[in-house]
Amino acid sequence: VQLQAFGGGLVQSGRSLRLQCTASGSGFRLNSMNWHRQAPGKQRELVAGIADGGATNYADAVKGRFTISRDPANNTVYLQMTNLKPEDTAVYYCETYYMIYRDDTTVAGRSWGQGTQVTVSS
């Protein structure tokens, strides 16, 4: 399963961006889909996640400002980011846990997208 992320950019503080991440491959079923971010000099952190049933979770720093959603028919997850702050500046990565069904075999896996840069100026 491969993930392709889109939507990063340079915006002013207070503006919005929407990130998109689409999974491709064959014979897979996506479980949870998540967005992480990594700022320069910091560890990667979980920003938001959405389970296959739709339950969501958010980091405290983004609650009320970011919304994660998914489109199961198109194997896509979105991250709507509003009221962006300079501290949101980071490379954003999507991640998914999945199952692949081939013949009589089921294989679990995990994939990361390539990352998309979000820069928020003050």
Side-chain angles (χ1 to χ4, degrees):
V1 175
Q2 295 184 325
L3 298 177
Q4 186 76 31
F6 306 92
L10 170 63
V11 296
Q12 290 184 323
S13 182
R15 303 300 291 268
S16 300
L17 277 176
R18 188 175 83 154
L19 305 183
Q20 175 180 330
C21 177
T22 299
S24 62
S26 62
F28 65 90
R29 178 181 181 276
L30 300 177
N31 293 329
S32 64
M33 301 186 80
N34 309 298
W35 286 98
H36 299 252
R37 68 186 180 188
Q38 187 166 18
K42 295 187 177 181
Q43 289 189 330
R44 190 173 296 190
E45 61 175 354
L46 176 65
V47 174
I50 184 165
D52 56 354
T56 59
N57 62 282
Y58 298 92
D60 287 343
V62 307
K63 282 181 181 177
R65 299 188 298 120
F66 290 11
T67 302
I68 189 170
S69 61
R70 66 192 291 174
D71 176 2
N74 291 298
N75 297 315
T76 297
V77 63
Y78 302 95
L79 185 68
Q80 179 69 48
M81 305 184 292
T82 63
N83 190 22
L84 282 161
K85 304 176 181 181
E87 51 264 42
D88 295 318
T89 295
V91 178
Y92 284 70
Y93 298 90
C94 56
E95 174 206 28
T96 187
Y97 290 86
Y98 59 86
M99 303 293 288
I100 290 180
Y101 306 93
R102 292 205 181 108
D103 299 323
D104 295 328
T105 302
T106 300
V107 177
R110 180 189 189 190
S111 287
W112 289 90
Q114 84 282 12
T116 183
Q117 177 71 47
V118 173
T119 303
V120 184
S121 63
S122 58

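The distance from atom OG1 of Thr116 to atom CZ of Phe6, rounded to the nearest 0.5 Å, is 9.0 Å. Here the CG-CD distance, from Asp71 to Gln20, works out to 9.0 Å after rounding to the nearest 0.5 Å. Once rounded to the nearest 0.5 Å, the distance linking NZ of Lys85 with OG of Ser122 reads 13.5 Å. Here the CZ-OG distance, from Arg110 to Ser32, works out to 9.0 Å after rounding to the nearest 0.5 Å. A distance of 8.0 Å separates CG of Asn83 from OG of Ser16, quoted to the nearest 0.5 Å. In this structure, CG in Asn75 is found 5.0 Å from CG in Leu30, a value given to the nearest 0.5 Å.
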Original post:
Would Trp35 and Cys21 satisfy side chain to side chain contact (heavy atoms under 4.5 Å, CB included), going step by step from the backbone distance to the final call?
Top reply: CA-CA 9 Å; Trp35 286 98; Cys21 177; 3.6 Å; yes

**OP:** In sequence, state the C-alpha distance, the side-chain angles, and the governing distance for Tyr78 and Thr67, and then conclude on side chain to side chain contact (heavy atoms under 4.5 Å, CB included).
**Re:** CA-CA 8 Å; Tyr78 302 95; Thr67 302; over 6 Å; no

**OP:** Evaluate the criterion side chain to side chain donor-acceptor pair (under 3.5 Å) for residue pair Gln80 and Thr82; output intermediate values, then yes/no.
**Re:** CA-CA 7 Å; Gln80 179 69 48; Thr82 63; over 6 Å; no

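Residues Val118 and Leu19 are in side-chain contact: their nearest non-hydrogen atoms beyond the backbone lie under 4.5 Å apart. Looking at Arg37 and Thr89, their side chains never come closer than 4.5 Å, going by heavy atoms from C-beta outward. The shortest distance between side-chain heavy atoms of Asp88 and Arg65 falls below 4.5 Å. Contact check for Thr96 versus Met33: side-chain heavy atoms found under the 4.5 Å cut-off. Residues Val77 and Ile68 form a side-chain contact, since some pair of their non-hydrogen atoms from C-beta on lies under 4.5 Å apart. In this structure, Asp52 and Arg70 have side chains that are in contact, with non-hydrogen atoms separated by less than 4.5 Å.
A donor-acceptor distance shorter than 3.5 angstrom exists from the side chain of Gln114 to the backbone of Ala5, with no hydrogens or angles considered.
Other residues, nucleotides and ligands contribute only 12 or fewer heavy atoms inside 6.0 Å of the CD atom of Gln2.
A perpendicular orientation is assigned to the rings of Tyr93 and Trp112, their planes being inclined by more than 60° (bins at 30° and 60°).
Minimum heavy-atom separation, Ala59 to Leu46: CB-O, 3.5 Å. Nearest heavy atom pair, residue Ala48 against residue Tyr58, reads CB-CD2, 3.6 Å. Of all heavy-atom pairs between Ala108 and Met99, the closest is CB-SD, 3.7 Å.
Hydrophobic clustering (side-chain heavy atoms under 4.5 Å, transitive across Ile, Leu, Val, Met, Phe, Trp, Tyr) keeps Tyr97 apart from Ile50. Cluster membership check: Val11 shares its hydrophobic cluster with Phe66, using side-chain heavy-atom separations under 4.5 Å among Ile, Leu, Val, Met, Phe, Trp and Tyr.
Remark: of the listed residues Gln43, Arg44, Glu95, Glu95 is the sole one forming a side chain to side chain donor-acceptor pair (under 3.5 Å) with His36.
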